[in-house]
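Working notes, beginning with the structure itself.
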Amino acid sequence: MLERLQSDFPVIEKPFHKIASDLDIEPQEVVSRVKHLKNQGYIRRIAPIIDSREIGLTGTLVAMKVPENRIEEVAETVNQYIEVSHNYQRNHEYNLWYTLSTTSRQKIDQIIDEISRETGIDEIIELPSLQMYKIGVSFSFTDK
């Protein structure tokens, strides 16, 4: 069931009914198992992965050089922007990295400028992608 959830989730009105039918179990059993796996921490969430470029967004990767004692504070400032999808600390002189996706190049520049002004951090580099090499990630739960 986990493999089905991660790689072949039906995009229909009643997806758990379809999964139940395919697995020859009751829909309530599928929902019960999903809730159990979520409560146990095996499932973090069920959500779509949207190709931001396909819906007209542009994005970039941003790295900031933040004093260690300000990491949490600056990360909170960055996280206030709904355009930020990932924000993580790295063991590097540029130690706070985040991805930014929005509707235009100008909006990216505006957000980076705002974050710089709000935090007082001006050592910021932008690493826009040149070519996407997307791979699918799925986990096997059997010995096959």
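The residues of the chain are indexed from 1 along the displayed sequence.
- Contact between S101 and S52 at its shortest, heavy atoms only, is OG-OG, 4.4 Å.
- Expressed to the nearest 0.5 Å, how far CD1 of I125 lies from CE of M64 amounts to 11.5 Å.
- The side-chain heavy atoms of V74 and P67, taken from C-beta on, include no pair separated by under 4.5 Å.
- Distance check: I112 CD1 to E126 CD gives 4.0 Å after rounding to the nearest 0.5 Å.
- None of E29, R33, Q28, K35 except one satisfies the side chain to side chain contact (heavy atoms under 4.5 Å, CB included) rule with V31; the exception is K35.
- Under the side-chain contact (heavy atoms from CB on, under 4.5 Å) criterion, R45 pairs with A47, sequence neighbours left out.
- Taking CD of Q6 as the reference point, atom CD1 of I46 lies at 11.0 Å (rounded to 0.5 Å).
- Annotation for K18 and R4: closest pair CG-NH2, 3.9 Å, computed over non-hydrogen atoms.
- If you take CG on L100 and CD1 on I111, they are separated by 5.0 Å, rounding to the nearest 0.5 Å.
- Between R117 and D113 there is no salt bridge, since no side-chain N of the basic residue sits under 4.0 Å from a carboxylate O of the acidic one.
- Crowding of E93 atom CD: a count of heavy atoms from other residues, nucleotides or ligands under 6.0 Å exceeding 12.
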Donor-acceptor contacts, no H, no angles, side chain residues 81-92, under 3.5 Å, sequence neighbours left out:
unit_1 : atom_1 : unit_2 : atom_2 : d
Y81    : OH     : E114   : OE1    : 2.7
Y81    : OH     : E118   : OE2    : 2.9
S85    : OG     : T99    : OG1    : 2.6
H86    : ND1    : T99    : OG1    : 3.2
N87    : ND2    : A75    : O      : 3.3
N87    : ND2    : N79    : OD1    : 2.8
Q89    : NE2    : E68    : OE1    : 3.3
H92    : ND1    : Y94    : N      : 2.9
H92    : ND1    : Y94    : O      : 3.4

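- One finds the CE atom of M1 at 6.5 Å from the CD1 atom of I25 (value rounded to the nearest 0.5 Å).
- Closest non-hydrogen pair, I124 versus S116, comes out as CD1-CB, 3.7 Å.
- In the displayed structure, R105 atom CZ is contacted under 6.0 Å by more than 12 heavy atoms of other residues, nucleotides or ligands.
- By the 6.0 Å contact criterion, NZ on K65 is enclosed, its count of non-hydrogen atoms from other residues, nucleotides or ligands being greater than 12.
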Step by step, work out the side-chain contact (heavy atoms from CB on, under 4.5 Å) result for T103 and L57.
CA-CA 5 Å; T103 53; L57 298 179; 3.9 Å; yes

Begin from the C-alpha positions of L5 and I19 and carry the test side-chain contact (heavy atoms from CB on, under 4.5 Å) through to its verdict.
CA-CA 8 Å; L5 290 173; I19 293 170; 3.7 Å; yes

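- Nearest heavy-atom pair, S140 versus E3, reported as atom, atom and distance to 0.1 Å: CA-OE2, 3.4 Å.
- Distance check, rounded to the nearest 0.5 Å: OG1 of T77 to CZ of R70 gives 8.0 Å.
- Put simply, I43 and L23 are part of the same group of oily side chains (I, L, V, M, F, W, Y) that touch within less than 4.5 Å, one to the next.
- Placement of W97 and V66 in two distinct hydrophobic clusters is found when ILVMFWY residues are connected by side-chain heavy-atom separations under 4.5 Å, directly or transitively.
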